[in-house]
Amino acid sequence: MKLGKKLTANGFVLWFLKTKAAKISIPYRQSNWESKLNQLAQANNREFKKAFE
């Protein structure tokens with residue numbers, strides 16, 4: 001967001017996996033991390049948008 005780009009669910013997942021995943025236990029198989037985290041980020045975005053409607 002600081003670079004003027006819109007934060008997408010996929011962008012967040014890629015950033016998270018690159019910078020934070022080693023420090024946090026993720027309760028899914030590693031092969032499913034990107035998919036599951038993307039689903040969670042999308043659900044979170046929907047809830048966040050509802051809060052401002």
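Starting from 1, each residue takes its place in the sequence as its number.
Nearest heavy atoms, Ala41 versus Val13: CB-CG2, 4.4 Å. Taking each heavy atom of Asn45 and Thr8 in turn, the nearest pair found is ND2-C, 4.5 Å.
Residue pairs meeting the salt bridge (charged side-chain N to carboxylate O under 4.0 Å, His left out) criterion with at least one member in residues 34-49, sequence neighbours excluded: Glu47-Lys50.
The distance from atom CZ of Phe12 to atom CD of Gln42, rounded to the nearest 0.5 Å, is 12.5 Å.
Cluster membership for Leu40 and Leu14, using ILVMFWY side-chain heavy atoms within less than 4.5 angstrom, is not shared.
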